[in-house]
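Here the structure comes first, spelled out in structure tokens, and everything after it is commentary.
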Amino acid sequence: MLECQVLPNNFTYPFVLKACAGIGDLNLGKSVHGSLLKFGFDGNNHVLNTLVHMYCSCKGGIQIGRKLFDEMTKNDSVPWSAMIGGYVRLGRSNDAVDLFRQMQIQGVCPDEITMVAVLCACTDLGALELGRWVESLIEKRKLNKSVELNNALIDMFAKCGDVDKALKLFRTMNERSIVSWTSVIVGLAMHGRGLQAVSLFQEMIRDGVEPDGVVFIGLLSACSHSGFVEKGKEYFDLMRKEFAILPKIEHYGCMVDMLCRAGHVREAVEFVQKMPIEPNSIVWRTLVNACRTHSELKLGENLAKQLIQNEPTLEANYVLLSNIYAKMSHWEEKTKTREVMDKKGMRKIPGSTMIELNNKIYRFVAGDMSHNQFKEIFEMVDEMGREMKRAGYVPSTSEVMLDIDEEDKEDNLNRHSEKLAIAFALMNTPPGTPIRIVKNLRVCNDCHSATKFISKIYNREIIARDRSRFHHFKDGLCSCKDFW
DNA sequence: TTAGGGTTAG
């Protein structure tokens, strides 16, 4: 277009900019922006909106997008939706929510598209209170409940811990797309409700909905999280034979995960060796992690070394190897691995736990002393430790990946971010109310066992979302039945 | 007659 003789006009630009956004090409987008200025631009808001969207959809462009956004007049929801959606895509969900609050303050009415973006931010943060507030706004404003908006609500409720509400919503929808089915199946999978996920999939087929590759990922992950190894294998075959969907690396990855979780590590290795497509590093990491949890340590060490050779710049690989050495009590080699990481300037992502209280989100890291109440929190954690021990809890000090004595290891465990967050919640919420926490990593063995005790001692339901699934703790038991 | 949106293993 830039080289043609016909002058582009304000009707042409949105199409072209949208295309740039679609392929995420910042340079191309910038050159279109340049031509727009060159040919004269009358400040048409449709074009400005698309410019904001384009910059917010391209890697490295969000700052320019924000600058344009700040400078333009914003009387309707469109630029706000574009900007909020941009933050969500970048994983800056807190910024997305802040901007939404700003929009409220400025009195601009959100529409259903804004709400979809805000709900995505809630989903990412695991912020159920906030999500419920957004739902109430949707009702209050009587916004059009499009399929997309309902899907975003289903996904939010499922991933923020209220999967029953997600199911209820799904049942009330008059019109459903494959995404609606997938959202609810994935949600059930995350909560370990594999039987329900499988039966919903069967219902979907009976209803004549054509499955796609994505819904099979949800289905296989449901089988994986519930330990349905044979069923998972059947569905994996069915994909190709019945529905002519060629399994992709993600599907193979689900199968490896499923075998690993069930403890069939050797079978998983054979499966990977026989795969018709090249396994990716995610598949290898799944295997190495399983070698650690199921004590196939020598095999895990070899695979992890191989991974480091293939991807020497990825810190996750070094963390895996280091954790395997810790479990082997090979402290010297563990230290060496850490030193290599230090030299390369790599740092492990710190584990953190988030909790929502009175419309505020609090984030804790291990040994966190940045909170106003940190002294009280530490005292509470110590008290919890004493109560738990009285009830029969034994700290699993083998979880502590440090070469220090047992007593220090216990202290270290007690300062884990989830214990701090739970202590904070016990102190600041009325007795008997459920506690919801969101972790950025997978919950460790010790915190898993401790949280079971806490749920019984303090008579609280504790709902924890970790990186891979939900754990509902109640009366000293967890919904995952220790299968995770 | 042009602008912003939903699902994906570890």
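Basis for what follows: all heavy atoms, side chains included, without hydrogens, waters or symmetry-related copies. Each chain gets a letter, A, B and so on, in the order its sequence line appears, and its residues count up from 1.
Looking at the side chain of K159(A), the nearest of the listed nucleotides dG6(B), dG4(B), dT7(B) is dT7(B). Counting only heavy atoms from C-beta on, S77(A) has its side chain closest to dG4(B) among dG4(B), dG5(B), dA9(B). Of the candidate nucleotides dT8(B), dG5(B), dA3(B), dT8(B) has the atom lying nearest to any side-chain atom of D155(A). Nearest to the side chain of L149(A), among dG5(B), dG4(B), dT2(B), sits dG5(B). Here the nucleotide nearest the side chain of N280(A), chosen from dG4(B), dT7(B), dA9(B), is dA9(B). The nucleotide whose nearest atom lies closest to any side-chain atom of S180(A) is, among dG6(B), dA3(B), dG4(B), dG6(B).
Contact detail for L119(A) and A152(A): the closest heavy-atom pair is CD1-CB, 4.0 Å. Closest of all the heavy-atom pairs between C478(A) and K452(A) is N-CD, 3.9 Å. Among all heavy-atom pairs drawn from M54(A) and C20(A), the shortest one is CG-CB, 3.9 Å.
For the pair N150(A) CG and dT7(B) C1', the computed distance is 14 Å after rounding to whole Å. Residue I84(A) contributes atom CD1, which lies 10 Å from atom C1' of dG4(B) at whole-angstrom precision. Rounded to an integer number of Å, the gap from CD1 of I113(A) to C1' of dG5(B) is 5 Å. Counting to the nearest Å, the C1' atom of dG4(B) and the CD1 atom of I62(A) are 13 Å from each other. A straight line from CH2 of W80(A) to P of dG5(B) spans 17 Å, rounded to a whole angstrom. Between the P atom of dT8(B) and the CZ atom of R469(A) lies a distance of 16 Å, rounded to the nearest Å. Nucleotide dA3(B) holds its P atom 18 Å from the OH atom of Y55(A), rounded to whole Å. Rounded to whole Å, atom P of dA3(B) lies 17 Å from atom NE2 of H33(A).
Contact annotation: side chain of D111(A) to base of dG4(B), donor-acceptor pair present below 3.5 Å. For S146(A) against dG5(B), a side-chain-to-base donor-acceptor contact under 3.5 Å is present.
L48(A) comes within 4.0 angstrom of no nucleic acid atom, judged by non-hydrogen atoms across all strands. At a threshold of 4.0 angstrom between heavy atoms, the contacts of R176(A) with the nucleic acid are absent. Within the 4.0 angstrom heavy-atom criterion, no nucleotide atom of any strand lies near V283(A).
Here R89(A) pairs with nothing under the salt bridge (charged side-chain N to carboxylate O under 4.0 Å, His left out) rule; sequence neighbours left out. Under the salt bridge (charged side-chain N to carboxylate O under 4.0 Å, His left out) criterion, R171(A) pairs with E203(A), not counting sequence neighbours.
Scanning residues 207-224 of chain A for heavy-atom distances under 4.0 Å to DNA chain B yields V214(A), I217(A), S221(A). Near DNA chain B, meaning a heavy atom under 4.0 Å away, the residues from residues 115-139 of chain A are V116(A), C120(A).
Applying the salt bridge (Lys or Arg N to Asp or Glu O under 4.0 Å) definition to pairs two or more places apart or across chains, those involving residues 249-261 of chain A are D257(A)-R261(A). Applying the ring-ring contact (aromatic ring centres under 6.0 Å, His included) test to pairs two or more places apart or on separate chains, those with a residue in residues 90-132 of chain A are F100(A)-W133(A).
Phosphate proximity of dG5(B) to H53(A): present, with a side-chain N or O under 4.0 Å from OP1 or OP2. A close approach under 4.0 Å does not occur between any side-chain nitrogen or oxygen of K248(A) and OP1 or OP2 of dA9(B). A close approach under 4.0 Å does occur between a side-chain nitrogen or oxygen of R89(A) and OP1 or OP2 of dG5(B).
In this structure, E270(A) does not pair ionically with R266(A), as no charged nitrogen and carboxylate oxygen lie closer than 4.0 Å. A salt bridge does not link R132(A) to E356(A): none of the charged side-chain nitrogens sits closer than 4.0 Å to a carboxylate oxygen.
A donor and an acceptor atom, one from each side chain of Y325(A) and R338(A), are nowhere located under 3.5 Å apart.
Between H264(A) and F271(A), the distance from one ring center to the other does not fall under 6.0 angstrom.
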